[in-house]
Every structure is written in structure tokens, then in C-alpha cells.
Protein chains: 2
Amino acid sequence: MAATDTALAGLRQMIASGALGPGAKFPPEPELCDQLGVSRSSLREAVRSLAALGVIESRHGSGTYVSALDPAEIISRFSLSVELIPLEGVLELLEVRRVLEAHATASAAARQDAGLADRLAEILDRLEATTDAAEIQQLDAEFHGAICAAGANPTVTALTAVIRGRGGHYRIFEPGVDFDAIKQTSDRGHRAILAAITHRDPAAAATAASAHIAQTELWLRALRPDPQPN
Amino acid sequence: MAATDTALAGLRQMIASGALGPGAKFPPEPELCDQLGVSRSSLREAVRSLAALGVIESRHGSGTYVSALDPAEIISRFSLSVELIPLEGVLELLEVRRVLEAHATASAAARQDAGLADRLAEILDRLEATTDAAEIQQLDAEFHGAICAAGANPTVTALTAVIRGRGGHYRIFEPGVDFDAIKQTSDRGHRAILAAITHRDPAAAATAASAHIAQTELWLRALRPDPQPN
DNA sequence: TGGGCATGAATGGTCTGAGGACTTGCGGGA
DNA sequence: TCCCGCAAGTCCTCAGACCATTCATGCCCA
């Protein structure tokens, strides 16, 4: 096997076998090189690979450690690659977000955490008052993020956040011909979601969230130069 | 900025800016080192990072290329990290799978691709006839995979496959006290899903799929040495 | 003329050695 | 007791050399 792959497999197995749990420290690089029978260059490339995936962390001057192996953190690493996916692929990802956020929004409506509705209303007030694209982006993320945090587990929250972040790179909300219409539709969508949560109506919440994101999908699809059916 | 991070940012920007699209070839390593102002070691570590994320590919003797940037392929790369997540985190991931597969199964029932029901029935026949853990694992993946492929987009299919693969590492189906009961319950769950698809009943399909995976969650939770609430 | 094959340039993969940069814990001094 | 400096430990970066693989060129032979 190639040297880097050998090192990669060796490091993974140290974790998979349970020899090194979350937060554990690896031996120093020279020692690992001996154990795995590869040079430092190859070892370091393997370490970088796993670090990119959020599985291990290197701390300059301190050592190399197994990460917390928290699924939400690992999923967050995905943003590095997801942000490079072209529009075609983003539309596929939005189906994931739509389904997951509909679920999370319904759960949030059912659970009705104390103060959630008030926090959401406050966010929407600010959101409706601004026309700055970056600020819209930010407040929209806060709104949906708060709902996911209240309704779903951290993994779902992280996954939807990654996809939301990617979609946001396409500036739907740049001032232009349709800006006012789009902004108003978006604002109404948010209010519908909040109303469903306030009324503790999970089914309505799921529908409202699903419709809201489906609308985003339509806007993004319109940005595509050559919108092919499917 | 640190050398490797500089190289990483540079490579990412080449893709993000559109200068290099899917499948495009990077300049040779020495040339990239010049452009980015880093040594070959640092450049190679950056390349490895992006390769681990499925964003670029190095081909020995040929060159370094931008990957297809296909979301399904990129998500598949996650299995490398997801497989190291401890049981605690797997339970969170299963909520994602449950929601997504319920959606995909409902879609499959609604679309009713030609021959889908027959293919699924054939898989279930083989699944019910075996007691080999590895074969059960394999056929279960085939069954759910076929449904996802028929009902959802490739991204959803890839994401559920990654999570399914991780869960499978916990051997629920090892011969033991509860083996027969678990196997029978699982088989019944599969038949319920197939029935809903055959009857073109999306709501029933979603419910059946959700219940089936929720059952898996319960079994996995039972494996946890110290089952804490929440 | 066409196909198979040797060959060499291009390119990524690996190893070695050296020095720099950062973190951390220890011990001395105020 | 607290602060500071110091030194050991560790990862980070660079440079150079050589190996392994790919691929296109062009030759040779049928």
C-alpha cells in the first residue's frame, strides 16, 4: 500500500479500535512514523487528511489529538466542500434542507420552548426592517437556526446550517427588479412559520417551513442560466 | 497566515472563483508553489486536505484535478469520518436518516417507478431467507438504497447511505437471545414499507419507513452501556 | 499502412535532514 | 504568593533528492 494510505489507515484504526478515544493525544510525529513505518512527510499528509474531516486536530507546539468526534462538529467541516458545489448540486442539497427543516420546525412547534416565539418575533422585526443583503442573510440564518436548535438535535441543526450557508452565496436579495416582491414573500413566509409555532401547530409549521424553503428553491432555480427540467 | 493555510485558501479560491471548473487540471506542483509562495510540502498537505473532502483528486503521474464536485460523491466522503463517530452521535444521525428516508419512501410510493415493487420483493425474499449478519446488512442496504434512489435525489440517497453504513457497524443481528425476535420485527417492517409502496400510499410509506428506522434507533440505544435520557 | 511497443519527458509520491515557531511546565526571584 | 524567564517538547516549514506512474511520441515490424 502507498505510504500515505498506510499512515491514514493506521491512524483511523487507532481511533476505530478504541485505543484512542475523543480528546486523546497521539504520540509525537517521530514515534508515529516508527510505528507506521512511513516518513514524516507521508504521516503529516495523512494527519492533514483526517484533520480536514474533523476527526483529529493538530495543535502547534502541543501535540496531535483525537477530536471530540461530535457529529455536529464533523458535519460543520462539510461547509468547506459544500461551499464549492455548483448551483446544480445546491438544488439537490436544498431538498435535504427542506425536509429536515420541516421536521425541525414541526418539532419546535410541538415542544414550544419557553421564550422561543418571543425570540423569533424579535428577529423577524429586525429582519423586516432591513434591506441590507448581508444583514438579511444573517438574520435569516438566526431565525431558522433558532428554530432548528429548539426542535431538532445538534446534528440536524448543523446540517441545515451548512446547506443554508451555501445557498446564501447566491445573492437572491441583491437590489434589483424583483427585490421588493421577493423580500415581501420571504417575510410573509417567516411570519407564517412563526404563527404556526405560536399556535403550537406542528403540521402547519412543517407545511409553512417546507413552502418557505421550496420558494427559495424556485428563486435559486431562476438564477440558473440554463434551467433544465427534472 | 500559515503556509499550509495560505495554500489551502489559494486552491479553494481557484475553484470558488470559477477559474477552474469541475474536472479542470491544476498546474504542476512546482508551479503552484511559486504562485502561492509556499514550499512543496505545505502545498501537498493542502492538496491532501481538499482531496480528503472530495474536492480535488491527485493522479500519480498525471496531475491534480478538480473533482466532479458532485454533491453525492462529496457526501460519500463523509463516511470516512462518520464511521468513527461514537454511538452517542450515531443516534443523532439516525434522526436525520429517519426523516430523510421517510420522505424518500413516500416519494417512491407516489412515483411508483416501473418494476420497483418487484425488485424490492425479490430483495426481501432473499433477506428473509438468510440469517447471516453480513448478508442481512447487505440486503437491508440494497432495499433501502433502491427505495431512496427511486424516491429522492442522489444527494439524499448518498446521505442516507452514509448513515446507514455507520449504523451497520453495530451488529444488531448477531445471533443471540433476541435474534429471532429482532429479525422478525425487522422483516415485518420491510414488508409494511413494501406494501405501502405497492398500494401507492405515500403517507403510509412515510409512516412505515419512519417506524422501521425508529425501531432501529431503539435497538441501538439498547446497546448503549449507559443509556442516558434525552 | 496500421498496430504494437519501447522510450523519455512530465508529474505526483516518498524520504531525509535541518531549522523555525509555538506551547507548556518548571523554577527562580521579587 | 505571584510573575517572569527559560528550556524542553512538539508541530510547522523549507529544501533537495530520488522513486513510481502516466502518457504521448515516434520507431519498428508485420
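Here is the naming used below: chain letters follow the sequence lines, and residue numbers restart at 1 for every chain.
The CG atom of B:Asp34 sits 10 Å away from the P atom of D:dA15 (whole-angstrom rounding). In this entry the distance linking CD of A:Glu31 with P of D:dC11 reads 10 Å, nearest Å. In this structure, B:Leu36 atom CG and D:dT13 atom P are separated by 13 Å, rounded to whole Å. Between the CG atom of A:Leu32 and the P atom of C:dC15 there is a distance of 14 Å, rounded to whole Å. Between the CD atom of B:Glu29 and the P atom of C:dA9 there is a distance of 20 Å, given to the nearest Å. Going from atom CD1 of A:Ile56 over to atom P of D:dC11 covers 11 Å, rounded to whole Å. Between the CZ atom of B:Arg40 and the C1' atom of D:dC18 there is a distance of 11 Å, given to the nearest Å. D:dC11 atom P lies 16 Å from atom CD of A:Glu45, rounded to whole Å.
In this structure, A:Thr64 does not reach the D:dT10 phosphate: none of its side-chain N or O atoms is under 4.0 Å from OP1 or OP2. Between B:Arg44 and D:dA15 there is no side-chain N or O to OP1 or OP2 distance below 4.0 Å. Residue B:Ser42 has a polar side-chain atom (N or O) positioned under 4.0 Å from OP1 or OP2 of D:dC14. Residue A:Arg59 has no polar side-chain atom (N or O) positioned under 4.0 Å from OP1 or OP2 of D:dC11.
No side-chain donor-acceptor contact under 3.5 Å links B:Ser79 and B:Arg166.
For A:Ser41, counting side-chain heavy atoms from C-beta on, the closest listed nucleotide (D:dC14, C:dG13, C:dT16) is C:dT16. For A:Ser62, the side-chain atoms get nearest to C:dT23 when compared with the rest of D:dC11, C:dT23, D:dC23. In this structure, of D:dC14, C:dG12, C:dA21, it is D:dC14 that holds the atom nearest to the side chain of B:Val38. Closest to the side chain of B:Ala3, out of D:dC12, C:dG13, D:dC14, is D:dC14. The listed nucleotides are D:dT13, D:dC11, C:dG12; the one nearest the side chain of B:Pro30 is C:dG12.
Using a cut-off of 4.0 Å between Lys/Arg side-chain N and Asp/Glu carboxylate O, A:Glu57 and A:Arg59 are scored as salt-bridged. Checked for salt-bridge contact, A:Glu135 and A:Arg126 miss the test: no charged N lies under 4.0 Å from a carboxylate O.
Each of A:His144, A:Gln137, A:Glu101 was evaluated against A:Arg164; a single residue qualifies, A:Glu101, per the side-chain hydrogen bond (donor to acceptor under 3.5 Å, both in side chains) test. Put simply, the residue from A:Glu45, A:Glu29, A:Glu31 that forms a salt bridge (Lys or Arg N to Asp or Glu O under 4.0 Å) with A:Arg40 is A:Glu29.
Remark: aromatic rings of B:His103 and A:His103 are distant, center separation not under 6.0 Å.
Under 3.5 Å, the side chain of B:Arg48 and the base of C:dG13 form no donor-acceptor pair of N or O atoms. Counting atom types as modelled, A:His60 pairs a side-chain N or O with a base atom of D:dC11 as donor and acceptor under 3.5 Å.
Comparing B:Gly61 and A:Ser39 by the nucleotide of DNA chain C that holds the closest heavy atom to each, the one mapping nearer the 5' end is B:Gly61. Take the nearest nucleotide of DNA chain D for A:Gly63 and for B:Gly37: the residue whose nucleotide is more 5' is A:Gly63.
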